[in-house]
Amino acid sequence: MASEKVETVVAGNYVEMEREEEEKSSSTKTKLSRFFWHGGSVAQVLLTLPYSFSQLGMASGIIFQLFYGLMGSWTAYLISVLYVEYRTRKEREKVDFRNHVIQWFEVLDGLLGKHWRNIGLFFNCTFLLFGSVIQLIACASNIYYINDNLDKRTWTYIFGACCATTVFIPSFHNYRIWSFLGLIMTTYTSWYLTIASLLHGQVEGVQHSGPAKMVLYFTGATNILYTFGGHAVTFITFGFACTPLYFVWEKFVGIHETKSLFKRALTRLPVVIPIWFLAIIFPFFGPINSTVGSLLVSFTVYIIPAMAHMNAVERPPRIVGGWTGLYMMNIFVVAWVFIIGFGFGGWASMINFVHQIDTFGLFAKCYQCPKHKV
């Protein structure tokens with residue numbers, strides 16, 4: 001029974017499998033309410049790119065940006081093809097998808113079997129867990145640059161409490177108003193930093209240089225790998241990353257089908273509290289980004305889709321070179337990401353991560369803050 005229960009646990013990549021009641025109303029008030037409450041998402045550009053470019057140097061930074069952009073686009077194409085392939089096969093079997101949202105784990109399960117599904121679930125859930133941790137760290141780090149009267153750890157406490165309110169948000173459809181608020185806050189933060197930099201200029205005696213160590217070089221490269229495999233910072237993205245984990249836990253404890261929002265919120269607390277705790281223990285925003293990118297994003301976004309595509313789809317079109325061209329591109333993606341991203345990137349990221357622990361310790365009060373503020 002235990003193994004069967006674990007096998008029924010499901011999670012998706014920013015989508016939820018749920019049946020919703022279709023309500024139709026022509027009133028202006030209902031439409032306006034639905035516009036703000038249902039549907040919509042927002043994803044901001046990673047704010048770690050300056051950090052990555054400082055480690056790679058400008059030339060390598062631009063090259064990796066373009067290269068991983070193309071690679072990320074390719075794997076996004078592969079994932080979409082796998083979704084279409086799965087849906088086509090199921091529709092031949094007369095499966096009705098009108099009230100059903102297809103999830104990534106279902107695609108792997110339907111095309112390749114439960115072992116692929118379980119591998120996908122492991123990497124996806126772990127990625128979402130630490131992705132949520134990163135969002136919380138980013139919130140505290142960003143707000144610190146606006147108001148440094150409080151240290152980063154205190155801001156993490158505050159934003160942890162704010163993010164814990166996501167347990168009351170039923171699903172992804174209910175984030176539209178939050179998305180608008182997120183855009184306003186992100187725009188304000190961006191303009192604040194831009195104007196402040198123009199007014200104050202560079203620090204006196206600042207020096208610009210390329211990568212000084214191989215560890216820093218591959219750490220920066222891995223951050224860019226992560227850029228095209230996920231999104232970071234804002235309160236909103238925390239909800240998008242954490243909500244699939246809520247569904248996993250709800251289904252595991254057998255409460256996912258309940259209509260009581262209060263019961264679901266109480267059930268979700270054991271998920272959000274450890275995330276809050278991990279963000280306080282490891283407040284290393286940049287290093288944890290590269291670590292998650294090398295060890296988790298490399299498999300979740302690049303390796304698994306490329307390998308699944310080679311094993312699951314029918315004959316590809318000539319525009320991609322048929323089977324030969326397809327296999328060559330996918331094998332290149334798998335080999336490159338495994339060796340450079342997971343291998344060298346993982347090595348560099350772990351060394352850098354351990355170095356942060358040795359330098360700042362766990363539960364750092366104000367990571368990388370000016371000495372007079374620590």
Are [X] and [Y] packed together at the side-chain level, in the sense that at least one heavy-atom pair is separated by less than 4.5 angstrom?
X      : Y      : answer
Phe130 : Ile275 : no
Pro283 : Phe360 : no
Phe284 : Asn352 : no
Leu108 : Ile304 : yes
Trp276 : Cys163 : no
Phe299 : Val337 : no
Trp155 : Asp151 : no
Arg264 : Phe247 : yes

Give me the atom names and distance for the closest heavy-atom approach of [X] to [Y].
X      : Y      : answer
Thr166 : Arg268 : O-NH1, 3.6 Å
Ile79  : Pro305 : CG1-CB, 3.7 Å
Leu245 : Cys125 : CD2-O, 3.6 Å
Ser294 : Thr291 : OG-O, 3.1 Å
Ser290 : Pro287 : OG-O, 2.8 Å
Glu85  : Leu111 : CG-CD2, 4.0 Å

Short side-chain to backbone donor-acceptor contact, [X] and [Y], under 3.5 Å:
X      : Y      : result
Thr359 : Gln356 : no
Thr154 : Leu150 : no
Asn147 : Ile143 : no
Arg153 : Ala364 : no
Tyr83  : Trp104 : yes
Asn118 : Lys114 : yes
Ser141 : Ile137 : no
Ser298 : Gly341 : no

Worksheet item: Should Ile331 and Met310 be marked as a side-chain contact (heavy atoms from CB on, under 4.5 Å) after you check the CA-CA gap, both sets of side-chain angles, and the distance that decides it?
Response: CA-CA 9 Å; Ile331 289 174; Met310 289 190 290; 3.9 Å; yes
How about [X] and [Y]: are their ring centroids closer than 6.0 Å?
X      : Y      : answer
Trp74  : Tyr302 : no
Phe342 : Phe338 : yes
Phe282 : Phe353 : yes

Worksheet item: Counting heavy atoms not belonging to Phe332, are there more than 12 under 6.0 Å from its CZ?
Response: yes
Worksheet item: CZ of Phe363: more than 12 outside heavy atoms within 6.0 angstrom?
Response: yes
Practice prompt. Show the numbers, then the answer: is there a salt bridge (Lys or Arg N to Asp or Glu O under 4.0 Å) between Glu93 and Arg89?
Written response: CA-CA 7 Å; Glu93 301 172 5; Arg89 293 186 188 183; over 6 Å; no
Drop me the distance from [X]'s [atom1] to [Y]'s [atom2], to the nearest 0.5 angstrom.
X      : Y      : atom1 : atom2 : value
Tyr246 : Leu269 : OH    : CG    : 8.0 Å
Ile255 : Leu266 : CD1   : CG    : 8.0 Å
Leu121 : Thr126 : CG    : OG1   : 10.0 Å
Ser349 : Leu295 : OG    : CG    : 7.0 Å

Item to complete: Please test Trp336 against Phe67 for ring pair (Phe, Tyr, Trp, His ring centres under 6.0 Å), starting from the C-alpha separation and ending with a verdict.
Response: CA-CA 11 Å; Trp336 179 275; Phe67 175 65; 5.1 Å; yes
Worksheet item: Can you check side-chain contact (heavy atoms from CB on, under 4.5 Å) on Ile351 and Trp347, steps first, answer last?
Response: CA-CA 6 Å; Ile351 289 179; Trp347 162 75; 3.0 Å; yes
Discussion item. Apply the hydrophobic cluster definition, ILVMFWY joined by side-chain contacts under 4.5 Å directly or through others, and give me every member besides Val354.
Written reply: none
Fill in: Tyr188 and Tyr192 aromatic ring geometry - parallel, tilted or perpendicular at 30°/60° bounds
tilted
Worksheet item: Are Phe277 and Leu362 co-members of a hydrophobic cluster defined by side-chain heavy atoms under 4.5 Å apart?
Response: yes
Worksheet entry | Under the side-chain contact (heavy atoms from CB on, under 4.5 Å) test, residues paired with Ala306 that sit two or more places apart | Leu78, Asn330, Val333, Val334
Discussion item. Going by side-chain contact (heavy atoms from CB on, under 4.5 Å), name the residues that satisfy it together with Ser197, two or more places apart in sequence or in a different chain.
Written reply: none
Discussion item. Let's go through Phe127 and Phe123 carefully: what are the C-alpha distance in whole Å and the side-chain angles of both, what is the deciding distance for ring pair (Phe, Tyr, Trp, His ring centres under 6.0 Å) to 0.1 Å, and is it a yes or a no?
Written reply: CA-CA 6 Å; Phe127 164 57; Phe123 280 104; over 10 Å; no
